[in-house]
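Throughout, protein chains are lettered first and strands after them, A, B, ... in sequence-line order, and every chain is numbered starting at 1.
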Amino acid sequence: MTSHSQDLPDHPLLRGLNEAQQRAVTTVDGPVLVVAGPGSGKTRVLVHRIAWLLEECAVLPEQILAVTFTNKASREMRDRIERLLGGRTLSGMVMGTFHAFGARLLRQNPGLVADRLGLLPNFLIYDDADQMDLAKRAVLAVGLDPKLVAPRRMLSRISAAKGVLLSPDEFAAAAETYDDEVVARVFREYQRSLRKANAVDFDDLLALPLALFDGAPGLLAIYQQRFRHVMVDEYQDTNRVQYILVSALAERHRNLFVVGDPDQSIYGWRQADIRNILDFGQDFPDATRIDLELNYRSSRRIVETADRVIRENTQRIDRRLRTENDEGAPIVLRELADGGHEARFVVDEIRRLTQHGGRSGDDVAVMYRTGAQSRVLEEAFRVSDIPYRIVGGVRFYERKEVKDVLAVLRLLHNPADEVSLERAIGNLPIGRGIGPKALDAVRHWAAATGETVLDGFVALAPAAASATAPDLSGTARSAGMKLGTVFWKLREAAAEKALPELFDLVVDLTGYAAAFDHNDEEEMQRWANVLELRSDLEKYGVLPPAEQLPTYLEQVALVSDVDAMEDDGRGRVTLITLHSAKGLEFPVVFIAGVEEGLLPINRAVEAEWGDPLPMEEERRLFYVGITRAEQLLYLTYAAGRAVYGRFQPAVASRFLAQVPEMHLQTLGRRAPTREGGRSSSLADRARGGGSPGWTVSPAPVPDRGEPTRRFAAGERVFHAKFGEGEVVEATERRDGDQELAIAFQRHGQKRLMASFANLEPIP
DNA sequence: GAATGCATGGTTTTT
DNA sequence: CCATGCATTC
């Protein structure tokens with residue numbers, strides 16, 4: 001156990017760090033948990049710590065494994081370490097996402113992977129859309145109707161199962177309900193066809209390395225020996241498999257350093273297990289815990305608001321976020337009539353800030369809960385003169401025209417990829433004339449010969465001079481021959497041509513290039529996307545020819561939208577989901593759609609009674625959004641919104657009730673509605689109550705008919721959500737209501753309004 | 001087998 | 001509203 005901070009208080013690598021940060025940097029032995037609030041300099045700590053290990057502790061780059069949440073984060077971290085160490089080489093240091101690390105591990109051990117897992121070295125990583133295709137085919141294959149058994153739901157059940165390392169057999173054995181059995185059947189079929197396609201999904205990238213270690217303990221020992229220091233960022237969003245993976249890797253040297261913030265855990269739906277961080281001390285009893293609570297990012301008003309909002313949650317480590325920053329500007333709240341007005345307000349306000357407020361567009365981000373909200377916002381930006389970029393939305397690599405071309409490239413790399421084959425046949429001109437019947441015949445041939453389906457088509461090509469060929473006749477045969485010939489030619493080209501030239505041949509020979517109507521503006525945009533793919537490919541020319549295509553395909557599968565986000569100096573405003581915004585920061589942040597049903601999302605509202613956890617996750621999401629802002633924060637919501645093209649009235653989010661009135665500036669009047677006088681809108685009620693702010697929780701509308709019972713301190717009460725509790729304090733309010741502080745047995749102390757809480761006295 | 005037109009249902013969040 | 005899937009028609 002050595003701590004250098006006492007010996008070297010003024011080391012260059014520690015200069016400018018506060019005491020807690022210095023401890024985090026210099027505590028290099030044993031397990032360490034850093035609980036880092038937003039803006040508390042955790043990236044700085046990670047960067048300095050790695051530099052410290054290399055400079056002061058004689059650790060070699062290849063002995064370090066650092067796992068980040070996005071590739072962008074790891075890129076930035078690597079850059080910063082390099083800058084800090086002035087050009088010292090970091091080669092050998094492993095830094096990237098869990099998924100990238102898993103993929104790399106599998107790629108580095110092709111022999112074992114083939115032996116133990118039955119995957120050939122050219123295996124592909126299936127993305128979300130591929131997984132959907134596969135799940136749907138699995139549903140059909142087990143004789144079920146995809147309309148009744150939603151493939152998406154199957155996929156999420158399968159993912160959840162894989163997230164706790166269950167095989168299809170184990171899942172089937174544990175099935176309790178009929179629905180579980182259905183899932184089990186689909187799961188088994190899904191996994192079978194995934195392997196048959198020589199492909200893995202995202203969950204496999206985490207689970208298969210563990211499976212490999214199980215079957216080959218020697219391999220695990222090599223990695224355990226190598227990684228003297230294992231670091232994990234955004235630890236609150238790791239799932240059980242990721243936890244097991246890092247614990248296994250760090251087992252020998254026991255230098256596991258994790259950084260996270262339980263209050264920013266927003267991936268519960270992806271099996272992220274908040275227990276990983278909450279129970280770290282139990283899992284590693286000798287762990288050092290370091291808290292970073294001082295926020296350097298945001299104004300005091302923003303920090304206090306965030307702190308006040310998150311304190312409502314019951315499932316958290318009690319701590320207080322603080323800052324020494326200036327008070328800053330008030331948080332702006334604005335109600336608009338609908339989504340369109342909201343979008344225009346945002347755009348107008350940004351125009352004002354950029355034209356008269358000295359802001360640049362890239363200082364600004366607009367955040368929202370659901371991807372669907374980006375549509376109206378984008379519309380408003382498009383008609384404005386303000387440049388913008390959307391992070392997320394329809395991903396580049398998921399665009400139909402891009403996926404079509406990628407399908408061919410993937411087939412050239414992995415001929416077993418039937419999802420891509422079907423896609424190519426269905427969407428490219430070269431697939432014309434090949435229907436289900438023809439495909440079936442080729443499948444039969446493939447099953448009989450042990451070849452792939454694609455090879456069945458190639459066998460039809462005269463040039464291939466194959467001894468056997470699928471039994472086809474008539475138009476199907478000639479169509480199959482054409483397809484086979486194209487792939488036969490493309491394979492030859494793939495062996496000798498650089499990627500951009502291969503691309504040219506692909507779009508040419510498959511007839512895809514000719515299929516775009518040059519007079520149609522939309523089609524030209526799609527063609528432009530296809531061409532963007534080509535310029536993408538040009539970057540891979542520096543690699544050895546045999547590695548170009550595989551490296552590219554791997555990159556396509558593992559790159560995220562945030563990763564691809566770059567500052568191009570054009571001053572673009574960022575439109576981004578709250579989830580994607582985690583880890584980012586902007587001087588100016590707008591959070592749009594702060595409404596019941598949206599933030600919190602409907603599902604969480606519906607689940608609330610039976611399960612309060614989703615609601616708490618929604619609140620964390622709001623918290624993440626607030627804490628992205630450095631100086632200016634705008635919160636907007638609409639009195640109504642088009643859902644599925646139908647107008648739905650909306651109510652301000654309950655979360656707004658926690659925004660301290662003293663930090664709030666409410667802008668403008670509410671747009672006129674046709675509802676007449678009575679409205680449950682928060683703004684209306686606040687005005688009606690005579691005080692210009694938020695004093696009451698807006699969620700449930702009080703039943704005016706019943707007189708509210710009065711409560712006194714010491715009285716025992718029952719609450720539908722929080723259960724039994726005791727009134728600690730009862731304060732009379734001017735409006736005749738009571739403000740109660742109640743200590744609940746299971747959920748801690750809460751402040752509730754008597755008229756809203758619906759409390760039952762317990763005698 | 002392909003093109004066209006109608007019906008239906010789907011929106012959390014992503015590596 | 002929009003994307004997808006199915007039925008109808010050629």
May I have the distance from Arg240(A) (atom CZ) to dT15(B) (atom P), rounded to whole angstrom?
-> 23 Å
Rounded to the Å, how far apart are Arg423(A) CZ and dT4(C) C1'?
-> 13 Å
Check the distance between dT13(B)'s C1' and Met367(A)'s CE and give it to me in whole angstrom.
-> 15 Å
Can you check whether Ser580(A) has a side-chain N or O nearer than 4.0 Å to OP1 or OP2 of dT13(B)?
-> no
Separation of dT13(B) C1' from Lys582(A) NZ (nearest whole Å) = 12 Å
Closest nucleotide among dT13(B), dA2(B), dT11(B) to the Arg432(A) side chain | dA2(B)
How would you label the contact of Lys136(A) with the nucleic acid (heavy atoms, under 4.0 Å): base, sugar-phosphate, or nothing?
-> sugar-phosphate
Separation between the P atoms of dT4(C) and dT13(B), rounded to whole Å = 16 Å
For Tyr644(A) and dC1(C), is the gap between ring centres under 5.5 Å while the planes differ by less than 30°?
-> no
Taking for each residue the nucleotide of DNA chain B with the nearest heavy atom, is it Ala372(A) or Ala100(A) whose nucleotide lies nearer the 5' end?
-> Ala372(A)
By nearest-heavy-atom nucleotide on DNA chain B, the more 5' of Thr475(A) and Asn71(A) is Thr475(A)
Does the side chain of Arg152(A) get closer than 4.0 angstrom to OP1 or OP2 of dT11(B) through an N or O atom?
-> yes
For the pair made of CZ in Phe622(A) and P in dT13(B), what is the distance, rounded to whole Å?
-> 19 Å
Expressed in angstrom and rounded to an integer, what is the separation of Asp204(A) atom CG from dT15(B) atom C1'?
-> 13 Å
Roughly how many Å is it from CG in Asp145(A) to C1' in dC6(C), rounded to a whole number?
-> 12 Å
Would Arg375(A) and Glu378(A) pass as an ion pair if we require N to O under 4.0 Å?
-> no
Rounded interatomic separation in angstrom, taking CD from Glu379(A) and C1' from dC1(C) | 13 Å
Phosphate OP1/OP2 of dT4(C) contacted by Lys147(A) side-chain N/O (<4.0 Å) = no
Base, sugar-phosphate alone, or nothing: which one does Tyr267(A) contact when heavy atoms must sit under 4.0 Å apart?
-> sugar-phosphate
Taking atom types as modelled and ignoring hydrogens, do the side chains of Asn198(A) and Asn122(A) form a donor-acceptor contact shorter than 3.5 angstrom?
-> yes
State whether Arg641(A) and Asp338(A) are salt-bridged, where the test is any N-O pair (Lys NZ or Arg NE/NH1/NH2 against Asp/Glu carboxylate O) under 4.0 Å.
-> no
Looking only at dT11(B), dT15(B), dT13(B), the nucleotide nearest the Thr97(A) side chain is dT15(B)
Describe the nucleic acid contact of Arg375(A) in one word from base, sugar-phosphate, nothing, applying a heavy-atom distance below 4.0 Å.
-> sugar-phosphate
Closest heavy-atom pair and its distance - Ala592(A), Gln373(A) | O-NE2, 3.3 Å
Would you say Gln131(A)'s side chain and Asp201(A)'s backbone share a donor-acceptor pair under 3.5 angstrom?
-> no
